[in-house]
Amino acid sequence: MTVRGNIVGIDSPEALERALRTAYYLADDGLATAAYLGLALGKPLLLEGAPGVGKTEAAKAIAAVLGRRLIRLQCYEGIDASAALYEWNYPRQMLAIRQAGEESIDIYGETFLIERPMLAALRAPDSTVLLIDEIDRADQEFEAFLLEFLSDFQISIPERGTVRAAERPVVVLTSNRTRDLHEALRRRCVYHWIDYPTAEREARIVMMRASSVAESTARAVVAAVGKLRREPLSKAPGIAEAVDWAEAATLLHARGARWPDAFKRSIGVALKDEEDLTFISGRLDALIAEAAA
């Protein structure tokens with residue numbers, strides 16, 4: 001195994017944590033260490049956690065720190081290799097055949113190849129970060145196909161031959177753990193579980209992401225969001241919702257709304273499910289008042 005001890009000036013987890021902070025991402029020591037090891041060892045980074053804890057944002061921040069283009073493959077039920085690797089532009093091939101007439105033409109040339117995320121990452125491993133987002137939403141057949149890709153970082157195009165990455169690409173996988181991933185996939189990765197941040201860290205994130213928000217507002221929102229996450233909601237608010245709620249309440253207050261009424265009136269940016277809003281409505285005033293106290 002080739003160890004890359006220095007990645008664009010990043011030679012330790014602590015250096016990566018500082019670099020991520022400049023990309024407006026506050027990583028704890030566990031995440032910074034896992035991400036650094038993934039980069040240094042050339043292994044994919046698998047991030048698991050509840051929706052909204054910052055898994056996708058971590059991949060974006062890593063790409064920003066490395067100065068690379070983020071290529072995102074959003075997984076879904078029924079996704080197949082053609083959506084992830086490549087497709088042939090069939091209409092363009094047919095048009096080229098008609099226009100060529102009796103002349104010979106290679107309909108499997110570069111002009112007719114539609115590049116999908118995984119092929120794009122293989123062809124430019126030194127300038128991209130491949131994000132395979134919500135792999136748990138894909139079916140097990142696609143996961144099995146992914147195993148081969150993550151083992152050799154190469155694919156075979158029958159009409160053109162094998163495409164192999166010149167170096168191991170940077171790959172980040174995320175999972176909301178809606179189903180268990182295959183053990184073989186986990187073994188190929190550096191793993192990290194991302195939990196909701198502590199209240200102190202989340203308040204810092206809110207103030208970093210929303211510079212117009214006062215510290216007292218950030219702490220009140222974080223306290224309220226923490227209480228909401230302990231409720232049996234179908235869609236608990238994530239970090240992004242906490243940032244949005246703080247910004248929305250600050251905006252309403254600037255337009256004349258009083259505290260804590262500004263929090264209550266902007267609840268729609270934190271809770272985005274009708275049943276959740278109905279469930280919490282009777283206790284919302286007390287919850288906000290307690291959080292803002």
Side-chain angles (χ1 to χ4, degrees), residues 16-32 35 47-65 70 72 74 131 133-134 172 174-176 192-231 233-274 276-277 280 284 287-293:
L16 180 57
E17 187 276 329
R18 291 191 295 270
L20 289 172
R21 202 181 310 157
T22 66
Y24 299 98
Y25 191 92
L26 287 181
D28 60 17
D29 179 68
L31 175 56
L47 300 176
E48 276 195 320
V53 295
K55 302 181 298 295
T56 300
E57 288 301 315
K60 292 178 179 178
I62 289 170
V65 165
L70 182 74
R72 182 175 182 177
Q74 177 63 54
L131 167 61
D133 216 6
E134 298 184 315
V172 179
T174 72
S175 168
N176 295 330
H192 184 68
W193 172 268
I194 299 184
D195 208 343
Y196 287 114
T198 63
E200 180 65 30
R201 180 178 292 273
E202 190 163 13
R204 289 171 58 198
I205 292 172
V206 170
M207 289 184 287
M208 173 183 285
R209 293 274 181 162
S211 58
S212 62
V213 172
E215 181 177 353
S216 58
T217 302
R219 294 188 180 279
V221 164
V222 167
V225 164
K227 294 178 182 297
L228 289 173
R229 289 174 185 156
R230 291 192 287 271
E231 299 287 342
L233 304 175
S234 61
K235 296 183 185 346
I239 297 173
E241 283 74 31
V243 174
D244 290 345
W245 195 9
E247 286 186 314
T250 298
L251 177 62
L252 289 182
H253 179 63
R255 298 296 184 270
R258 294 178 177 273
W259 302 114
D261 190 49
F263 290 122
K264 182 179 179 179
R265 290 174 61 185
S266 55
I267 187 63
V269 300
L271 296 182
K272 302 177 182 179
D273 181 87
E274 187 270 338
D276 288 346
L277 287 169
I280 207 70
L284 186 58
L287 185 149
I288 291 176
E290 184 179 349

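- Among all heavy-atom pairs drawn from Ala210 and Glu247, the shortest one is CB-CG, 3.3 Å.
- Salt bridge Glu200/Arg204: absent, no basic N to carboxylate O contact under 4.0 Å.
- Leu31 CG to Asp195 CG: the interatomic distance, rounded to the nearest 0.5 Å, is 12.5 Å.
- Residue Leu271 comes nearest to Pro237 through the heavy atom pair CD2-CD, 4.0 Å, listed as atom of the first residue, atom of the second, then distance.
- Side-chain atoms of Lys235 never come within 3.5 Å of backbone atoms of Asp276 as a donor-acceptor pair (strictly under, hydrogens ignored).
- Rounded to the nearest 0.5 angstrom, Leu16 CG and Arg21 CZ are separated by 11.0 Å.
- Taking 4.0 Å as the cut-off between side-chain N and carboxylate O, Arg209 and Glu57 count as a salt-bridged pair.
- Looking at every heavy atom in both residues, Val53 comes nearest to Ile239 through O-CD1, 3.3 Å.
- The distance from the CD atom of Glu134 to the OG1 atom of Thr56 is 6.5 Å, given to the nearest 0.5 Å.
- Remark: the backbone N or O of Ala262 is paired with a side-chain donor or acceptor of Ser266 at under 3.5 angstrom.
- In summary, Lys227 and Glu231 do not engage in a salt bridge, as defined by a charged side-chain N under 4.0 Å from a carboxylate O.
- Among all heavy-atom pairs drawn from Asp28 and His192, the shortest one is OD1-NE2, 4.1 Å.
- Remark: the backbone N or O of Gly238 is paired with a side-chain donor or acceptor of Glu241 at under 3.5 angstrom.
- Taking all atoms of both residues into account, the shortest heavy-atom contact from Phe263 to Ala220 is CZ-CB, 3.8 Å.
- Of the inter-residue distances, the one linking Ile280 atom CD1 with Ile288 atom CD1 reads 9.5 Å to the nearest 0.5 angstrom.
- The shortest heavy-atom contact between Ala19 and Val65 is O-CG2, 3.4 Å.
- Cation-pi geometry between Arg229 and Tyr196 is met: under 6.0 angstrom from the ring centre, within 45 degrees of the axis.
- Summarising the geometry, atom CD1 belonging to Ile62 is positioned 8.0 Å from atom OH belonging to Tyr25; distances are rounded to the nearest 0.5 Å.
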